[in-house]
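What follows is a short report on a single structure.
Counting starts at 1 for both ligands and their atoms, following the listed order.
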Amino acid sequence: MLNNTKALLSQKAACITPSLTLAITAKAKKMKSEGISIIGFGAGEPDFNTPAYIIDAAKKALDVGFTKYTPSSGMPKLKEVICEKFKKDNGLIYSPSQIIVSSGAKHSIFNVMQALIEEGDEVIIPAPYWLTYPEVVKMCDGTCVFVHADISNDYKATAEQIKAAITPKTKLLILNSPSNPTGAVYNKEELEAIAKVVVESGIYVLSDEIYEKLVYDGAVHYSIASLGEDIKARTIVINGVSKTYAMTGWRVGYLAAPLEIAKAIDSMQSHATSNACSISQYATVVALSGGEDFISEMHNTFDERRKCMMKIIKGIDGLSCSNPKGAFYIMVDFSKLIGKKYKGVEIKNSIDFAEKLLTCGVAVVPGEAFAADNCVRLSYAISIEDIKEGLKRIKAFTMEVV
Ligand code: PLP
């Protein structure tokens, strides 16, 4: 008899790494449900409600019956508003045909990779990175090439490092400023140097700018695409409303790309998911047309927590952190504690550190998830009271590491 048995999963599906963030969050949730007090520093979304003016707009979308398919790449009015946003915030001129609205920025990123990457293509990813990037590259049969940056350069990859990583197979560079997980914000000079390397080598850039409104200490967000026509022609800008307007559940992200790329993505999206939720799109038109007060209040709250957190962490023996100037995360470096013991058990890496910390009532994300195994990521999208209590527990924990 012929053996017709085939492997159930494709190689692609089998090689995807489950999210470490979710694993530790699940453990922390279980402990909480058992009545154990846990301070969770894992949050990847603002702890603010979506502003009322946006919720009202969604209600209106329902009332007026805006509940049908829209064009696959987004409702025309929204694309117009997005073009205005790019012009106002980033000095970038796009036509609506260069804009694609998708079901979250994550979806936009996936679309870009699907459109550009095929087997054998190399994608340069500065590390520490947002953990989704390498997985999406793998899903598109691409090869990740990591460029490592550490605390000595505020976790920013340099143009020289990127240049050295480029080979004839390189297709794309992923840039994420402000960065998840490090909070790093590239300044104009750094971006100009990177843009020069990109243009000279003929590769493309995916610039993920989803945290653009959350910059502190006088840092200014620049879109690399705004640094000249040559680099603009090689850049796909990713943005969305999840972080800026506390709309993570609404699932609206968007991209701006050279026309040929936008057209290809439009066709692919029309067969994969069609349009992003019509109600969310309708509300996003209104979201992007206002919200300054909300953004400023959220920004100031995050900044206050960021400063408080940095000050406390820098006062804890064995821990260090950079001065993150963006997003709502701090990478805490615990290199000095590696090789030491907590209750007789050695701390070898970030998973050991995070697991032991969990027994002290604190959940953090191990840096292994971001290619920084000597670090853990702490989010400050939680209350200042929780931040203080959590850091008190972390300090007590470190004092028992010998
Ligand atoms: N890009 C970065 C760097 C992120 O941290 C996130 C969410 O955590 C996203 C993109 C995805 O955002 P969205 O909710 O729009 O899919």
Inset, instruction - State, yes or no, whether a side-chain contact exists between Leu173 and Pro126 at a heavy-atom distance under 4.5 Å. - result: yes
Legend entry - Any N/O pair Asn176/ligand 1 closer than 3.5 Å: no
Inset, instruction - Check whether any heavy atom of Ile210 sits under 4.0 Å from an atom of ligand 1. - result: yes
Legend entry - Ion pair Lys213/Glu292, N-O distance below 4.0 Å: no
Inset, instruction - For atom 16 (O) of ligand 1, grab the closest protein heavy atom and report residue, atom and distance to one decimal in Å. - result: Arg251 NH2, 2.8 Å
Legend entry - Nearest-contact summary for atom 9 (C) of ligand 1 - protein heavy atom, Å: Trp130 CH2, 3.3 Å
Inset, instruction - Distance to 0.1 Å, residue and atom name: give those for the protein heavy atom nearest to atom 1 (N) of ligand 1. - result: Asp208 OD2, 2.6 Å
Legend entry - ligand 1 contact by Tyr129, heavy-atom criterion under 4.0 angstrom: no
Legend entry - Closest protein heavy atom to atom 8 (O) of ligand 1, given as residue, atom name and distance to 0.1 Å: Lys243 NZ, 2.7 Å
Inset, instruction - Tell me, please: is Gly240 in heavy-atom contact with ligand 1, that is, under 4.0 Å? - result: no
Legend entry - Cation-aromatic face contact Lys232/Tyr94, 6.0 Å, 45 degrees: yes
Legend entry - Face-on cation placement of Arg234 at Tyr204 ring, 6.0 Å and 45° thresholds: yes
Inset, instruction - Run the numbers for me: atoms of ligand 1, each under 4.0 Å from some heavy atom of Gly104, listed by number. - result: 15 (O), 16 (O)
Legend entry - Heavy atom of the protein closest to atom 15 (O) of ligand 1 (residue, atom name, distance): Ala105 N, 2.7 Å
Inset, instruction - Classify the contact between Ser242 and ligand 1 as side chain, backbone, both or neither, using a heavy-atom distance cut-off of under 4.0 Å. - result: side chain
